[in-house]
There are 2 protein chains.
Amino acid sequence: MGLVKSELFTDQQNKISLYAKVFGHPARVSILQYLFKINSCVCGDLVNEIGLAQPTISQHLKELKHLGLIKGNVEGTSVCYCIDKKNWIKMKTVINQFLNQDLTQKGDCC
Amino acid sequence: MGLVKSELFTDQQNKISLYAKVFGHPARVSILQYLFKINSCVCGDLVNEIGLAQPTISQHLKELKHLGLIKGNVEGTSVCYCIDKKNWIKMKTVINQFLNQDLTQKGDCC
DNA sequence: TTTGTTTATTGCAATATTACGATTAATATT
DNA sequence: AATATTAATCGTAATATTGCAATAAACAAA
């Protein structure tokens with residue numbers, strides 16, 4: 001196997017896990033933090049910033065883009081990547097709904 | 001490979017990705033939602049609730065426990081699992097710090 | 001047009017994850 | 001004690017992920 005049985009779960013559960021999965025690698029966390037920090041579009045410094053090889057960074061960018069969390073335009077020889085703010089907010093809504101489940105209850109037998 | 005180069009990243013980045021990774025599977029999302037919903041300790045219904053085999057659920061529970069998000073006590077022949085509220089809040093702080101990065105800026109060339 | 005610069009893609013090796021059957025461990029029940 | 005019940009562990013097959021060297025693609029500059 002090694003194969004997630006998505007059909008057992010709700011769309012919401014699958015969506016949450018897909019978002020979470022993309023954050024489940026420190027390189028992607030780091031890329032996103034960098035895009036927020038420089039707060040403009042990145043044109044290639046990511047490979048120097050993070051210590052991974054160029055194809056590896058490219059692959060991580062692809063996954064982030066595929067999920068819609070970043071936008072990217074190739075501009076001549078360099079590329080312009082930045083956070084897709086609209087989708088970032090959408091993602092936050094989904095994740096927060098999951099994180100903010102009600103904790104104010106008893107039932108603590110453990 | 002198939003091996004994350006954690007040493008390239010900060011402790012914070014690694015911590016975020018470890019939390020996210022555990023949410024990166026719908027079965028674990030589902031387990032956590034169920035624990036919140038029934039709001040008491042679970043004693044075995046998870047296998048029926050979710051459609052995965054008992055060893056598989058047990059393995060997912062182990063990961064959740066290992067990260068501290070749930071607590072579990074064996075009680076005779078059944079087991080009592082519930083959310084570790086203290087650690088859940090800690091986790092939320094870490095993740096929210098990452099999700100709530102400042103979006104109110106221009107620099108949108110894409 | 002040739003040469004550099006930058007990013008994407010391909011192909012592959014190493015490792016990790018998912019899932020489950022079979023079994024074990026631990027305790028209840030009879 | 002023998003039997004049932006429940007959850008953990010072991011072993012293993014299938015698949016996914018990570019990382020990078022090599023290469024390709026796309027364009028800029030000379």
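Each chain gets a letter, A, B and so on, in the order its sequence line appears, and its residues count up from 1. Heavy atoms only: backbone and side chains are in, while hydrogens, waters and symmetry mates are out.
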Undergrad: Kindly indicate whether the side chain of B:M91, heavy atoms from C-beta on, has any atom under 4.5 Å from the side chain of A:L99.
TA: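 Side-chain contact under 4.5 Å: yes.
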Undergrad: Output all residues satisfying ring-ring contact (aromatic ring centres under 6.0 Å, His included) with A:F9, sequence neighbours left out; order by chain, then residue number.
TA: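 For A:F9 there are no ring-ring contact (aromatic ring centres under 6.0 Å, His included) partners, ignoring immediate neighbours.
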Undergrad: Could you tell me how far apart A:L61 (CG) and C:dA8 (P) are, to the nearest whole angstrom?
TA: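 Rounded to the whole Å, the gap is 7 Å.
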Undergrad: A:K65 NZ to C:dA8 C1': how many Å, rounded?
TA: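 Distance check: A:K65 NZ to C:dA8 C1' gives 10 Å.
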Undergrad: Any pair with a residue in residues 22-36 of chain A that passes salt bridge (charged side-chain N to carboxylate O under 4.0 Å, His left out), sequence neighbours left out, goes on the list, sorted by first then second residue, please.
TA: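 Pairs touching residues 22-36 of chain A that pass the test: A:R28-A:E63.
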Undergrad: Over how many whole Å does the gap from B:I70 atom CD1 to D:dA8 atom P extend?
TA: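 Nearest whole value for this atom pair: 9 Å.
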Undergrad: State which residues pass side-chain hydrogen bond (donor to acceptor under 3.5 Å, both in side chains) with B:Q97; sequence neighbours excluded, sorted by chain then number.
TA: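 B:Q97: no side-chain hydrogen bond (donor to acceptor under 3.5 Å, both in side chains) contacts found.
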Undergrad: Take the protein atom CD of A:E49 and the nucleotide atom C1' of C:dT7, then report the distance between them rounded to whole Å.
TA: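 Rounded to the whole Å, the gap is 18 Å.
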Undergrad: Using atom CG of B:N14 as one end and atom P of D:dT18 as the other, report the distance to the nearest whole Å.
TA: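 My rounded result for the distance is 13 Å.
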Undergrad: What string of B, S and - do you get for nucleotides 14-20 of chain C, 5' to 3', when a contact is any protein heavy atom under 4.0 Å?
TA: BBSBBBB
Undergrad: Only pairs with both distances under 3.5 Å count, Watson-Crick or wobble alike; so what is the partner of C:dT17 in this structure?
TA: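 Across any shown strand, C:dT17 pairs with D:dA14.
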Undergrad: Rounded to whole angstrom units, what separation is found between the OH atom of A:Y81 and the C1' atom of C:dT7?
TA: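 A:Y81 atom OH is separated from C:dT7 atom C1' by 8 Å.
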Undergrad: List for me each residue that meets side-chain hydrogen bond (donor to acceptor under 3.5 Å, both in side chains) alongside A:N48, sequence neighbours excluded, and say none if there are none.
TA: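 By the side-chain hydrogen bond (donor to acceptor under 3.5 Å, both in side chains) rule, A:N48 matches no residue at all.
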Undergrad: Apply salt bridge (Lys or Arg N to Asp or Glu O under 4.0 Å) to B:E49 and list each qualifying residue two or more places apart in sequence or on a separate chain.
TA: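 If we apply the salt bridge (Lys or Arg N to Asp or Glu O under 4.0 Å) test to B:E49, skipping adjacent residues, there are no hits.
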Undergrad: Rounded to whole Å, please give me the gap between CG in A:D45 and C1' in C:dT6.
TA: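 So the two atoms are 12 Å apart, to the nearest Å.
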Undergrad: Distance check needed: D:dT18 P versus B:L8 CG, whole Å only.
TA: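 That distance rounds to 14 Å.
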